[in-house]
2 protein chains.
Amino acid sequence: MLDDMARPIPETHAEILAAAARRFSVTGFKGTSLQDIAREVGCSKAAVLYHFANKEAILTELMAPAISALEALDARLAPLTGDAARSAAITDFVELAVRFRREISLLHSELPELLQQPAFEPIQRRTERLLDALAGRSEQPADRIAPLMVCAGVAAACAEFGELPDDELGPALVTVATRALGHPTP
Amino acid sequence: MLDDMARPIPETHAEILAAAARRFSVTGFKGTSLQDIAREVGCSKAAVLYHFANKEAILTELMAPAISALEALDARLAPLTGDAARSAAITDFVELAVRFRREISLLHSELPELLQQPAFEPIQRRTERLLDALAGRSEQPADRIAPLMVCAGVAAACAEFGELPDDELGPALVTVATRALGHPTP
DNA sequence: TCAGGTGCTGACCGATCGGTCAGATCGTGC
DNA sequence: GCACGATCTGACCGATCGGTCAGCACCTGA
């Protein structure tokens, strides 16, 4: 009764990931049910839970590449200070944001609660260190406003202008971010 | 059995609003149940629904002042063009964002789906017109990146640095926003 | 004294959630 | 032909969701 059509490749795992990414970015993580994902894939909810231990595991696997890229960026910035840290942080962060813009748009909503989950603790810690680099290692609250605005602005722009080609979106973001962070002179 | 303690003022309505604002900003709209709100207020879930028609009505009433302020800002910016529109948009939007930073932090998460609701359609329309003013009425996609980044950055900074005094947060935001939007030199 | 409105409660409703489970189907190696 | 693991299904579970409802306590004015 199930031999309705050819089932050439059982790459359901990847299909579930893709469908979940699509749904999460539209209706959010909490706003997307396993039923929704299963419907979009064209399988049963039980099939989704056959490929993934639970709902959170889908999100975790979806974000894994972006998280490890963020960790690599953090390691690269760690030894730098001052303007060197700032300029490297700008270009490298923008490059990362553009590359993983889909993942960013997933987390862009529901940030506060989702990041609470232990699986995403690396994101929170590395983001703080990225802000640190963007602030030129300054710890003055006033110096932290611009970096935060830059991070949020880049994330929002990546989510909003996701259809723009990388080599158009990236340089524009670098330009605005550099301007926003002000004269890197002294 | 209910005469347990003095019940001087039945201002439960306002208490529900305050509790909902606190919970929404932490766990989001969908992530907060009526039970959560009732527990924080110290009343029953039925009491919450006695004061508000439904869950969405709480959010709507919570956002009403901010929405009308945004509409007033839009009306003020409408006749302006070019750099006049841009500079007015910067200062007035920042002032509005600082004043309603709590409401902004509510909507900051779950934006994509929440704004879909008819009650918040004004927000979406006015925000687009605000971006229009910030872009100096340009419709080039590249000119729209910086304004979007500014809006998102201001919103994020308001949500993050909510404890800073207005007269410290506001000018800092104006400075960064002006820089990000580039030389407004006429 | 008592009628009536306000504020609120506990019990309950149907729907939906994430997740489990026994078993059906299918391809493959022996 | 057959055992077996991988894949997947429908039925089902308890929990929780937003929302409803009958009724109780309390206050106030007639």
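Everything numeric in this text was worked out from a predicted model, so none of it was measured.
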### Nearest-Å distance for atom pair CD/P, residues B:Glu56 and D:dC17
18 Å

#### Entry: Any donor-acceptor N or O pair under 3.5 Å, side chains B:His51, B:Glu15
no

#### Entry: Rounded distance in Å - CD (B:Glu15) to C1' (C:dG7)
13 Å

#### Entry: N/O (side chain, B:Thr12) to phosphate O (OP1/OP2, C:dC8) under 4.0 Å
yes

### Query
What nucleotide, of C:dC8, C:dG19, D:dC8, holds the atom closest to the side chain of B:His51?
C:dC8

### Message
Nearest whole Å is fine: how far is D:dT16 C1' from B:Lys55 NZ?
### Response
12 Å

### Message
Please check: side-chain N/O of B:Thr27 versus main-chain N/O of B:Phe24, any donor-acceptor pairing under 3.5 Å?
### Response
no

### Query
Which nucleotide in the list D:dC8, C:dC17, C:dC8 gets nearest to the side chain of A:Gln35?
C:dC17

### Task
Measure the distance from CG on B:Asp36 to P on D:dC17 and round it to the nearest whole Å.
6 Å

### Task
Write down the distance between CG (B:Leu34) and P (C:dC8), rounded to a whole number of angstrom.
16 Å

### Query
Rounded to the nearest Å, what distance is computed from the CD1 atom of residue B:Ile58 to the C1' atom of nucleotide D:dG18?
11 Å

#### Entry: Atom pair distance, as rounded to whole Å: NE2 in A:His13 and C1' in D:dC8
15 Å

### Summary
Rounded to whole Å, NZ of A:Lys30 lies from C1' of C:dG18 at a distance of 14 Å

### Message
Do B:Phe93 and B:Leu77 have side chains that approach each other closer than 4.5 Å (heavy atoms only, starting at C-beta)?
### Response
no

### By ring pair (Phe, Tyr, Trp, His ring centres under 6.0 Å) - contacts of B:Tyr50 (at least two apart)
none

### Query
In terms of side-chain heavy atoms of B:Tyr50, which of D:dG18, D:dT7, C:dG7 is nearest?
C:dG7

### Task
Give me the residues of residues 38-49 of chain B where at least one heavy atom lies under 4.0 Å from an atom of DNA chain C, by number, or none.
B:Cys43, B:Ser44, B:Ala46, B:Ala47

### Message
Does any part of the side chain of B:Leu169, heavy atoms only, come nearer than 4.5 Å to the side chain of B:Leu173, both counted from C-beta?
### Response
yes

### Message
Under a 3.5 Å distance rule, please check whether A:Lys55 uses its side chain to pair with a backbone N or O of A:Thr32 as donor and acceptor.
### Response
yes

### Message
Does any part of the side chain of A:Leu181, heavy atoms only, come nearer than 4.5 Å to the side chain of B:Val176, both counted from C-beta?
### Response
no

### Message
Side-chain N or O of B:Ser33 versus OP1/OP2 of D:dT16: is the shortest distance under 4.0 Å?
### Response
no

